[in-house]
Protein chains: 2
Amino acid sequence: MESSDLKKAGLKITLPRMKILEFMEASDVRHHSADDIHSALREKGEDIGLATVYRVLTQFENKGLVDRHRFEGDNQVSNQSVFELKIKGHHDHIVCVSCGKVEEFYDETIELRQKEVAVAKGYEVTGHSLTLYGKCPACKKS
Amino acid sequence: MESSDLKKAGLKITLPRMKILEFMEASDVRHHSADDIHSALREKGEDIGLATVYRVLTQFENKGLVDRHRFEGDNQVSNQSVFELKIKGHHDHIVCVSCGKVEEFYDETIELRQKEVAVAKGYEVTGHSLTLYGKCPACKKS
DNA sequence: CTAGTTGCAAAAGATTTGCAGACGT
DNA sequence: ACGTCTGCAAATCTTTTGCAACTAG
């Protein structure tokens, strides 16, 4: 399923692209910084440059294969963008401010209301970004 | 009202801090990058370093005087953080992807639903960030 | 073969930090 | 006077770009 996605997107099937896609699919975590991916692949013995990782992710983003997020919020740990495969439908995020864990959720009520708010202001909506910040169950105890 | 805010926050009342606060209060735009503020003050003849602007804004953020946002979204223009005075109550943002204009809104339904979603997942909410992206009325025509 | 890709190093943009001097209280 | 700030320059961090070599189709 990987190579067909690339072909469909009009991108040549190259080793770095395959490796990056594979890594993102195989990982149990869904959000990765460019550096995460680069280090992970390096450790696996792949010789892929960080610049290539950025280039590939940017291409994927433009082709609609991945989303790029910039989590902000209370105790922001890093300034890096994070990327996630766009295999599932749209959803928003909830980030733990203590351990950095990211979960996803989708709420029809919120989605609908957002559109209403925008239209009421005369906007033509093209997208949105919603992220909740808080302490996850595990971190609440400590 | 400015100096008292600073004093309350436990910060010395210095010229750069006053100037930055004044500028943010006086401006009709509510969101400014560190560089915006720096340039604006420079043009007014104030001799304030960019590093100081960043330091002051970061202090203000920690003291709860300002919020820092990192708008992401469809046609990302810049990677700069923007800061806004926290004088008004909480609200979210709607950003025009064409002209970059930022408007604010507050919707009780969305706020409520967010809290519900987080609680349902066992989180203790500490904050959230919601930004809609779209074309503003003026830009829709073009 | 040929255009699209890659790795590396250098560049660029945003933000932070070290330090000596200046300022607020 | 004293500890806090400030400006400047240098350092850091993240991301992008130039370029010569390489590779998929």
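The model shown is predicted, which means the values in this text are computed figures rather than measured ones. Order of the sequence lines sets the chain letters (A, B, ...), proteins ahead of strands, with each chain counted from 1.
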Contact string for nucleotides 7-13 of chain D, one letter per nucleotide 5' to 3', B = base within protein heavy-atom range under 4.0 Å, S = sugar-phosphate only, - = neither, reads BBB----

Indicate if [X] and [Y] have the same hydrophobic cluster label, given that clusters are the connected sets of ILVMFWY residues with side-chain heavy-atom separations under 4.5 angstrom.
X        : Y       : value
B/Leu130 : B/Phe71 : no
B/Phe83  : B/Met18 : yes
B/Ile48  : B/Leu11 : yes

Could you tell me how far apart [X] ([atom1]) and [N] ([atom2]) are, to the nearest whole angstrom?
X       : N      : atom1 : atom2 : value
A/Leu6  : D/dT23 : CG    : P     : 18 Å
B/Glu72 : D/dT15 : CD    : C1'   : 16 Å
A/Leu57 : D/dT14 : CG    : P     : 15 Å

Would you tell me if any nitrogen or oxygen in the side chain of A/Thr58 comes within less than 4.0 Å of OP1 or OP2 on D/dT15?
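For A/Thr58, the contact criterion (side-chain N or O under 4.0 Å from OP1 or OP2 of D/dT15) is not met.
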
Would you indicate what A/Ser81 reaches in the nucleic acid, counting non-hydrogen atoms under 4.0 angstrom: base, sugar-phosphate, or nothing?
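Sugar-phosphate contact only.
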
Quick check: do B/His38 and B/Glu43 have side-chain heavy atoms less than 4.5 Å from each other?
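A side-chain contact is absent here, since even the closest heavy-atom pair is not under 4.5 Å.
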
Does some side-chain heavy atom of A/Arg68 sit less than 4.5 Å from a side-chain heavy atom of A/Val82?
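Of all side-chain heavy-atom pairs linking A/Arg68 with A/Val82, none is under 4.5 Å.
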
Taking B/Glu111's backbone N and O only, do any of them form a donor-acceptor pair with B/Tyr106's side chain (distance below 3.5 Å, no angle check)?
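Checking the backbone N and O of B/Glu111 against the side chain of B/Tyr106, no donor-acceptor pair under 3.5 Å is found.
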
Could you check whether any side-chain N or O of B/Arg17 sits under 3.5 Å from a backbone N or O of B/Val56, counting only pairs where one atom can act as donor and the other as acceptor?
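No; judged by distance alone, with no hydrogens or angles, the pair does not exist.
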
Report the C-alpha separation of A/Glu84 and A/Lys86 in whole Å, then their side-chain angles, then the decisive distance to 0.1 Å, and conclude whether the salt bridge (charged side-chain N to carboxylate O under 4.0 Å, His left out) test is met.
CA-CA 6 Å; A/Glu84 82 172 307; A/Lys86 228 171 167 178; over 6 Å; no

Anything below 3.5 Å on both distances counts as a pair; with that, list the stems of at least three consecutive Watson-Crick or G-U pairs involving DNA chain D.
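Stem list for DNA chain D: C:1-25 with D:1-25.
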
Find the distance between NZ (B/Lys135) and CD (A/Glu124) and round it off to the nearest 0.5 Å.
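Atom-to-atom, B/Lys135:NZ and A/Glu124:CD are 6.5 Å apart.
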
So, B/Asp92 versus B/His128: side-chain donor-acceptor pair below 3.5 Å or not?
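On atom types as modelled, these side chains qualify, holding a pair under 3.5 Å.
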
Looking only at side-chain N and O atoms, does A/Asn79 offer a donor or acceptor that is under 3.5 Å from a partner on B/Arg70?
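On atom types as modelled, these side chains qualify, holding a pair under 3.5 Å.
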
Between which nucleotides of DNA chain C, read 5' to 3', does contact with chain B run, using atoms under 4.0 Å from its heavy atoms?
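On DNA chain C, the outermost contacted nucleotides are C/dA14 to C/dT25.
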
Can you work out whether B/Leu15 or B/Ser33 has the more 5'-proximal nearest nucleotide on DNA chain C?
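Comparing both residues, the 5'-ward one is B/Ser33.
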
